[in-house]
Amino acid sequence: VQLQASGGGLVQPGGSLRLSCEASGTISSINTMGWYRQAPGKQRELVAAITSGSGGSTAYADSVQGRFTISRDNAANTVYLQMNSLKPEDTALYYCNADIWGVGAVLSEDYWGKGTQVTVSS
């Protein structure tokens with residue numbers, strides 16, 4: 001099982017980006033999926049998370065509430081992060097995370113994708 005994130009880049013303040021993260025491999029089901037970020041010199045922090053099931057519940061960091069939207073496509077094993085009104089302080093390496101049941105597994109496992117860089121600068 002692996003997670004592949006994409007969609008990062010350089011954007012001006014006030015701009016938008018959409019991150020995607022697809023899980024692939026021998027997957028039985030996926031529980032909670034989320035996005036974390038880590039800025040230079042800072043600890044990794046949770047940005048947003050979404051539970052499984054149709055209309056999954058969401059949670060956001062206070063710093064992104066109202067600007068970022070997390071969603072998922074269960075059929076495609078993909079989680080998205082729509083980021084609007086971006087600020088320079090949103091600059092960080094963004095990581096996707098998922099709690100996944102592999103086929104035949106007795107326990108779910110926590111998986112991380114490689115980070116995708118988001119830089120907000122004029």
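For the single chain, residues carry numbers from 1 onward in sequence order.
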Without placing hydrogens or testing angles, list every side-chain donor-acceptor pair under 3.5 Å for residues 59-67, not counting sequence neighbours.
from: Tyr60; atom 1: OH; to: Ile70; atom 2: N; distance (Å): 2.9
from: Ser63; atom 1: OG; to: Arg37; atom 2: NH2; distance (Å): 3.3
from: Arg67; atom 1: NH1; to: Ser85; atom 2: O; distance (Å): 2.9
from: Arg67; atom 1: NH1; to: Asp90; atom 2: OD2; distance (Å): 2.8
from: Arg67; atom 1: NH2; to: Ser63; atom 2: O; distance (Å): 2.8
from: Arg67; atom 1: NH2; to: Asp90; atom 2: OD1; distance (Å): 3.0
from: Arg67; atom 1: NH2; to: Asp90; atom 2: OD2; distance (Å): 3.4

Which distance, rounded to the nearest 0.5 Å, do you find between the [atom1] of [X] and the [atom2] of [Y]?
X      : Y      : atom1 : atom2 : value
Ser121 : Gln12  : OG    : CD    : 8.5 Å
Ser6   : Lys114 : OG    : NZ    : 14.0 Å
Asn31  : Ser108 : CG    : OG    : 5.5 Å
Thr58  : Arg72  : OG1   : CZ    : 12.0 Å

Tyr36 meets the ring-ring contact (aromatic ring centres under 6.0 Å, His included) criterion, sequence neighbours left out, with Trp112
Between Leu93 and Leu86, is there a shared hydrophobic cluster once you connect ILVMFWY residues whose side-chain heavy atoms come closer than 4.5 Å? no
Determine whether Tyr95 and Leu17 fall in the same hydrophobic cluster, where Ile, Leu, Val, Met, Phe, Trp and Tyr are linked whenever their side-chain heavy atoms lie under 4.5 Å apart. no
Heavy-atom count around Gln117 CD within 6.0 Å, excluding the residue itself: above 12? yes
Should we say atom CD of Gln43 is surrounded by more than 12 heavy atoms from elsewhere, each under 6.0 Å from it? no
Just wondering, do Asn74 and Ile30 contact through their side chains at under 4.5 Å, heavy atoms? no
I want to check something: taking the side chain as every heavy atom from C-beta on, are Val1 and Glu109 in contact at a cut-off of under 4.5 Å? no
N/O donor-acceptor pair under 3.5 Å between Ser57 side chain and Thr51 backbone: no
Side-chain donor/acceptor of Thr91 to backbone N/O of Val120, under 3.5 Å: yes
Show me, pair by pair, the donor-acceptor contacts under 3.5 angstrom made by side chains of residues 76-84, not counting sequence neighbours?
from: Thr78; atom 1: OG1; to: Ala76; atom 2: O; distance (Å): 2.8
from: Gln82; atom 1: NE2; to: Asn84; atom 2: OD1; distance (Å): 2.9
from: Asn84; atom 1: OD1; to: Ser16; atom 2: OG; distance (Å): 2.9

Taking all non-hydrogen atoms of both residues into account, name the closest pair between [X] and [Y] and its distance.
X      : Y     : result
Gly8   : Leu19 : N-CD2, 3.5 Å
Ser20  : Trp35 : O-CH2, 3.6 Å
Ser122 : Pro13 : N-CD, 3.7 Å
Ile100 : Ala23 : CD1-CB, 4.1 Å
Ala49  : Leu46 : CB-CD1, 4.3 Å

